Amino acid sequence: GAVVSQHPSWVICKSGTSVKIECRSLDFQATTMFWYRQFPKQSLMLMATSNEGSKATYEQGVEKDKFLINHASLTLSTLTVTSAHPEDSSFYICSARGDRYSNQPQHFGDGTRLSIL
Amino acid sequence: AQSVSQHNHHVILSEAASLELGCNYSYGGTVNLFWYVQYPGQHLQLLLKYFSGDPLVKGIKGFEAEFIKSKFSFNLRKPSVQWSDTAEYFCAVNAQQAGTALIFGKGTTLSVSS
């Protein structure tokens with residue numbers, strides 16, 4: 001149980017385009033979803049937290065106009081990288097949790113490798 | 001804010017050797033503690049977690065971890081590693097009841113030779 005599906009797994013696109021990444025909880029309701037970014041050989045850096053039906057809370061230094069997050073339902077969150085540039089190339093990982101209060105583990109998607117040419 | 005420090009960047013062991021990976025956290029309140037594993041090409045999977053109670057927690061695949069509150073530590077152990085344990089291991093923490101996200105350490109790469 002507790003499967004999180006992330007799509008696409010890999011995307012390559014030209015600089016200036018926008019890219020949407022989907023994150024779905026397949027067998028549980030994800031009250032809270034998180035988006036992380038992972039650089040090679042480094043840890044996961046939290047980008048934002050979203051509760052279903054609310055605006056996302058972004059971490060310091062993360063541009064909310066650049067990384068648009070929508071959590072419109074209990075099973076789906078999307079991250080849109082707007083006007084992507086090569087420096088946005090990274091591994092993006094979504095995570096979902098069934099409650100708001102930290103008492104359940106976070107479950108992770110397989111990640112999306114984004115390459116901007 | 002919480003922070004997590006993992007002392008070992010890369011650990012190389014032979015099969016059947018014992019493993020201990022260090023993890024220390026920084027936070028003034030009560031925390032939940034986790035160890036996740038990431039096998040090559042796969043997503044992060046939960047190994048074990050500590051919320052409260054017995055500070056020695058047992059997880060999947062023979063792993064265990066001990067929470068030592070006085071040392072702000074949550075070290076991961078396994079008495080005898082296998083080649084299949086080769087993976088990246090992440091320690092993570094969040095604040096209890098606060099609804100906060102997991103904050104991760106930088107990870108430890110474990111390489112086990114057969």
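Predicted, not measured: the structure shown is a model, and the values here were computed from it. Basis for what follows: all heavy atoms, side chains included, without hydrogens, waters or symmetry-related copies.
At a 4.5 Å heavy-atom cutoff, B:Glu88 makes no contact with chain A through either its backbone or its side chain. Contact annotation for B:Phe90: only side-chain heavy atoms (C-beta onward) come within less than 4.5 Å of a heavy atom of chain A. Both the backbone and the side chain of B:Leu44 come within contact range of chain A, judged by heavy atoms closer than 4.5 Å. With a 4.5 angstrom heavy-atom cutoff, A:Gln38 touches chain B only via side-chain atoms.
A:Met33 and A:Val19 fall into different hydrophobic clusters, where Ile, Leu, Val, Met, Phe, Trp and Tyr residues are linked whenever their side-chain heavy atoms come under 4.5 Å apart, directly or through other members. Both B:Val11 and B:Trp35 sit in one connected hydrophobic cluster of ILVMFWY residues. Membership requires side-chain heavy atoms under 4.5 Å apart, directly or through other members. Transitive grouping of hydrophobic side chains (ILVMFWY, heavy atoms separated by less than 4.5 Å) brings B:Val31 and B:Phe74 into a common cluster. Linking ILVMFWY residues whenever their side-chain heavy atoms come closer than 4.5 Å, directly or via other members, leaves A:Phe67 and A:Phe34 in distinct clusters. Neither A:Met45 nor A:Tyr36 shares a network with the other; the hydrophobic side chains, linked directly or stepwise wherever heavy atoms of I, L, V, M, F, W or Y lie under 4.5 Å apart, form separate groups for each.
Of all heavy-atom pairs between B:Thr100 and A:Arg97, the closest is O-NH1, 3.0 Å. When all heavy atoms are compared, the tightest approach of A:Pro105 to B:Tyr36 is CB-OH, 3.9 Å.
With a 4.5 Å cut-off on side-chain heavy atoms, A:Leu44 and B:Ile103 do not count as touching. In this structure the side chain of A:Gln106 never reaches within 4.5 angstrom of the side chain of B:Phe34, judged on heavy atoms.
Annotation: residues 108-117 of chain A contacts chain B through A:Phe108, A:Gly109, A:Asp110 [non-hydrogen atoms, separation under 4.5 Å].
Counting heavy atoms of neighbouring residues, nucleotides and ligands inside a 6.0 Å radius, atom NE2 of A:His7 does not exceed 12 of them. In this structure, A:Lys55 places its NZ atom where only 12 or fewer heavy-atom neighbours from other residues, nucleotides or ligands lie under 6.0 Å away.
A:Ser43 places a side-chain N or O within donor-acceptor distance of the main-chain N or O of B:Gly105, the cut-off being under 3.5 Å.
Taking CD from A:Gln6 and NE2 from B:His43, the interatomic distance works out to 11.0 Å, rounded to the nearest 0.5 Å.
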